[in-house]
Student: 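Can you keep this structure in mind? I'll have questions shortly.
In what follows, every chain begins at residue 1, and chains take the letters A, B, ... in the order their sequences are listed. Just so it is clear, the model here is predicted, and its values are computed rather than measured.
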Number of protein chains: 2
Amino acid sequence: MPVHDTLDDLDRRILALFTEQPQIGVLGASRELAVARGTVQARLDRLVSRGVIRSWAPQLDPAAMGYPVSAFCTLEIRQGRGHTPVVEHLSAIPEVLEAHTITGSGDLFVHVVARDNADLQRVIDAVVDDTHVVRASTAISLATRIPLRTLPLVTAT
Amino acid sequence: MPVHDTLDDLDRRILALFTEQPQIGVLGASRELAVARGTVQARLDRLVSRGVIRSWAPQLDPAAMGYPVSAFCTLEIRQGRGHTPVVEHLSAIPEVLEAHTITGSGDLFVHVVARDNADLQRVIDAVVDDTHVVRASTAISLATRIPLRTLPLVTAT
DNA sequence: CGCTTGAGTGGACAATATGCCCATGCCTGT
DNA sequence: ACAGGCATGGGCATATTGTCCACTCAAGCG
């Protein structure tokens, strides 16, 4: 029942197609790939249930929404409690886009955005405003040289 | 001609709706929001051309595609040449998902994935294998505590 | 070897959504 | 007072979807 967790060649072509031409639709894709529509349907359903396709939601650009400043914070967390309370605190801050536990001094890695540099100060203050956060060091993103992409992984042999 | 770069209340509701229920479609959204279909069409078109909606492509999960290991590298670049050659080098590596120029010692911040820890070594070797890369320090993501999200920014007042 | 199962196919169907057109009403700034 | 931008609501032909079905093919297995 549980399907192979490997990506089929057809899977790859479907993913590539929908990544490059999102508006193509199931029917269009079936035509393009010269397979039956039902096949594309089934593959897509399987890709979704396998979790390969995380979401069909549109991808939004914080910069275009008025948050052009992007920064990465490395948080040092007070030992003992675990990260959960801090993560809950961070979750409540809209400007926190992402958070990872990383190797090193038991730390948290946080991606934040802000309206401008002054606003970034406010965001960082909000991030640090937690009993468990001992220290934070921030690096501002000056330019996005490679925007988030996953297609190469699909195409890769 | 250039539209307001502020998000309307209707804009916000449209974005929120499509983020939470991507399959709702234009007609469904117009029903849900009690506005005319043409309005939703026009808003979406404008959001796309404004760049707020970056793409309608499905969001893929590297982990589900066989790349469960995620890591962040900070690269120190040799002074003088600028980052462009390094970025081109990184672009050619499928496992590089993202790259930013950041403040600090004129550095590059890179998000990579790999099939396992051994594979990560290979990826890092590939990343570092460039004349202009002087040094690299890597932090492995042990857990994603907050997965990439942009909805809070939309909802935020 | 014969059987079962899963996957893909090709076709059909009604229901729905899309793209595109137009005339109208309502603000707002000039 | 008036033009331009935006939203409305309607209509229409076309395209797409969701959902069935019967059939084929290949692989796995007792």
Student: Please tell me if the side chains of B/H83 and B/T101 come closer than 4.5 Å, counting only heavy atoms from C-beta onward.
Tutor: yes

Student: Which letter, B, S or -, goes with each nucleotide of nucleotides 8-21 of chain C from 5' to 3', with contact meaning a protein heavy atom under 4.0 Å?
Tutor: SS--B----SBBB-

Student: Calculate the interatomic distance between B/L44 atom CG and D/dC6 atom P; express it in whole Å.
Tutor: 15 Å

Student: Looking at B/D11 and B/R50, does any basic side-chain N land under 4.0 Å from a carboxylate oxygen?
Tutor: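 Yes, this pair counts.
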
Student: Taking C-beta and beyond as the side chain, do B/L90 and B/L75 meet within less than 4.5 Å on heavy atoms?
Tutor: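 Side chain of B/L90 against side chain of B/L75, heavy atoms only: contact under 4.5 Å found.
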
Student: Centroid-to-centroid, B/F18 to B/W56, below 6.0 Å?
Tutor: yes

Student: Once you round it to whole Å, what is the distance between P of C/dA7 and CD1 of A/I14?
Tutor: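 Going from CD1 in A/I14 over to P in C/dA7 covers 14 Å.
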
Student: Please give, in whole Å, the distance from C/dA7 C1' to A/D9 CG?
Tutor: 16 Å

Student: Indicate yes or no: at least one non-hydrogen side-chain atom of A/L97 is less than 4.5 angstrom from one of A/P62.
Tutor: yes

